[in-house]
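As structure tokens, the structure follows; a few thoughts come after it.
These numbers come from the heavy atoms of this one structure, side chains and all, not from hydrogens, waters or symmetry mates. To find a chain, count down the sequence lines: A is the first, B the second, and so on, and within it residues start at 1.
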There are 2 protein chains.
Amino acid sequence: MNILVCDDDKAIVDAIGIYLENEGYKIVKAFNGVEAIEVIREHEIHLIIMDIMMPKMDGIRATMKIREENNIPLIILSAKSEDYDKILGLNFGADDYITKPFNPLELIARVKSQLRRYTTLGGLETRSSILQTGGLMIDDESKTITVDGEEVHLTPVQYKILKLLTANAGKVFSIEEIYEKVWNEAAFNPENTVSVHIRKIREKIEINPKEPKYLKVVWGVGYKVEKI
Amino acid sequence: MNILVCDDDKAIVDAIGIYLENEGYKIVKAFNGVEAIEVIREHEIHLIIMDIMMPKMDGIRATMKIREENNIPLIILSAKSEDYDKILGLNFGADDYITKPFNPLELIARVKSQLRRYTTLGGLETRSSILQTGGLMIDDESKTITVDGEEVHLTPVQYKILKLLTANAGKVFSIEEIYEKVWNEAAFNPENTVSVHIRKIREKIEINPKEPKYLKVVWGVGYKVEKI
DNA sequence: TCACAACACTAAGAAAATCTTAAGAAATGC
DNA sequence: GCATTTCTTAAGATTTTCTTAGTGTTGTGA
């Protein structure tokens with residue numbers, strides 16, 4: 001498997017290269033978006049790791065350009081300070097993202113995960129942007145949520161929370177986990193921000209918020225969306 | 001979970017130790033990089049907190065050295081005056097960093113966050129969150145317990161006890177052992193807290209609590225879940 | 001074998017922890 | 001600057017946990 005690593009910081013490219021080579025992957029390097037596109041045309045590449053901030057052509061523009069031609073799995077690298085929404089929310093074609101500084105183990109896990117997904121799809125992209133459980137449906141492409149066919153409006157934060165829980169329906173997330181995943185930072189004093197949002201979501205998606213059908217609490221643990 | 005705290009300032013090591021012990025972690029101490037590396041070879045360490053400025057071997061060199069051998073989550077401690085970019089930007093293998101003086105709550109949040117990340121990633125490849133014996137089934141991901149297909153509701157403590165016993169079905173646990181594992185503290189004030197919980201669990205999972213099928217007592221020793 | 005000591009079980013209620021809700025302040029976006 | 005969204009606060013509701021104290025059961029050794 002050949003992996004293209006693209007970052008203007010040579011030290012980072014080298015470090016990532018070493019981790020991945022240890023796992024048995026072949027590494028190809030590029031130091032800006034223009035180079036990356038050239039490399040992809042010339043080599044057979046199975047996965048791309050791309051930095052956001054780069055001279056000449058930034059990672060987002062490069063990703064969009066690459067997506068015009070093919071669907072090679074692509075993981076974005078970004079600094080924590082950069083705008084989360086821009087990376088996750090804006091759908092510009094990346095499959096996953098990792099924030100710097102990153103845990104090498106996490107990088108490897110995500111790379112494997114992407115390669116697995118790609119090969120089981122046979123390389124043909126059939127990315128379904130629809131999540132569903134019971135009568136609850138989330139179309140991530142149009143950012144639309146419907147309950148029993150009825151469209152409901154959620155605010156951005158509410159949307160992210162519900163999407164996280166629905167994408168992993170059945171799995172329980174602690175409040176800390178939810179905070180971390182949605183806000184992209186460790187919460188050390190979350191008061192009850194999350195539970196207020198939970199309340200608001202329930203108000204909108206549940207027939208009877210007192211006896212939620214979808215968004216359930218697991219006492220002493222956290223919240224989950226029921227898998228139906 | 002065992003956490004290695006490494007700093008040349010004993011007062012800081014002790015302070016961090018106290019905060020983390022309160023959260024139920026076991027602490028191992030080291031006072032310079034060389035010691036840290038030795039400790040890691042000898043003990044099972046799940047997370048490292050490392051100061052940057054230290055005699056003998058500084059935190060960055062130590063981190064790089066550690067990274068040659070393994071991927072234990074590592075949080076860097078650094079004074080505000082030190083070059084921030086050097087720590088954040090330079091990728092030498094740390095997973096997160098905290099600046100001194102730090103907020104204890106923040107420290108704990110980041111520690112938990114790292115441990116969570118590490119364990120969920122580790123389980124990514126072969127996660128089987130389901131424990132089973134006879135008709136009793138525990139799905140740890142959704143925190144759901146079913147008996148003969150029927151879902152039963154357990155409280156957090158009850159859940160933890162049953163999970164402990166089921167994960168080690170057949171093994172007998174003394175009351176002290178159960179207390180220690182579930183409450184995460186050795187200090188044992190006998191009373192009969194555990195047996196009350198056992199009673200409640202039986203009430204919920206057993207057809208006839210007087211003649212338990214799953215959760216059995218072993219006279220003079222403790223309790224076990226039958227391996228079926 | 002019988003009594004007694006050690007151990008296990010049960011029930012109930014007070015205390016503690018956790019979740020829910022509402023309302024308003026602060027921040028954000030147009 | 002207005003409308004919307006997000007966060008904070010605090011009180012109320014609910015659930016869980018712990019403790020107590022009494023009852024039952026088992027094993028032992030006189």
What residues form a side chain to side chain contact (heavy atoms under 4.5 Å, CB included) with B:N208, not counting sequence neighbours? B:K210, B:E211
Rounded distance in Å - CD1 (B:I178) to P (C:dC7): 16 Å
Please work out which residues in residues 161-170 of chain B have a non-hydrogen atom less than 4.0 Å from an atom of DNA chain C and list them by number. none
Using the side chain to side chain contact (heavy atoms under 4.5 Å, CB included) criterion, which residues pair with A:E226? Sequence neighbours excluded. A:K216, A:K224, A:I228
If a protein heavy atom is under 4.0 Å from the base, mark B; if only from the sugar-phosphate, S; if neither, -; do that for nucleotides 16-26 of chain C going 5' to 3'. --BSBBB----
Across all chains, not counting sequence neighbours, the side-chain hydrogen bond (donor to acceptor under 3.5 Å, both in side chains) partners of B:N2 are none
Who are the side-chain hydrogen bond (donor to acceptor under 3.5 Å, both in side chains) partners of A:T146, not counting sequence neighbours? none
Roughly, in whole Å, what's the span from NE2 in B:H197 to P in C:dT10? 15 Å
N/O-N/O pairs, protein side and nucleotides 1-5 of chain D side, under 3.5 Å:
| residue | atom | partner | partner atom | Å |
| --- | --- | --- | --- | --- |
| D:dT5 | OP1 | A:H153 | NE2 | 2.9 |

Applied to residues 146-159 of chain A, the salt bridge (Lys or Arg N to Asp or Glu O under 4.0 Å) test, sequence neighbours excluded, yields none
For A:E206, all residues meeting side chain to side chain contact (heavy atoms under 4.5 Å, CB included), sequence neighbours excluded: A:R202, A:P212, A:K213, A:Y214, A:L215
Can you name the residues that form a ring pair (Phe, Tyr, Trp, His ring centres under 6.0 Å) with B:W183, not counting sequence neighbours? B:Y179, B:H197
Scan residues 14-28 of chain B for pairs that pass salt bridge (Lys or Arg N to Asp or Glu O under 4.0 Å), counting only residues two or more places apart or in two chains. B:K10-B:D14, B:D14-B:K29, B:E23-B:K112
Who passes side chain to side chain contact (heavy atoms under 4.5 Å, CB included) against B:K143, sequence neighbours left out? A:V172, A:V218, A:V221, B:D140, B:Y159
Check the distance between C:dT10's P and B:I201's CD1 and give it to me in whole angstrom. 13 Å
A:W183 side-chain N/O to D:dT6 phosphate OP1/OP2 under 4.0 Å: no
To the closest 0.5 Å, what do you measure between OG1 (A:T193) and CD1 (A:I178)? 12.0 Å
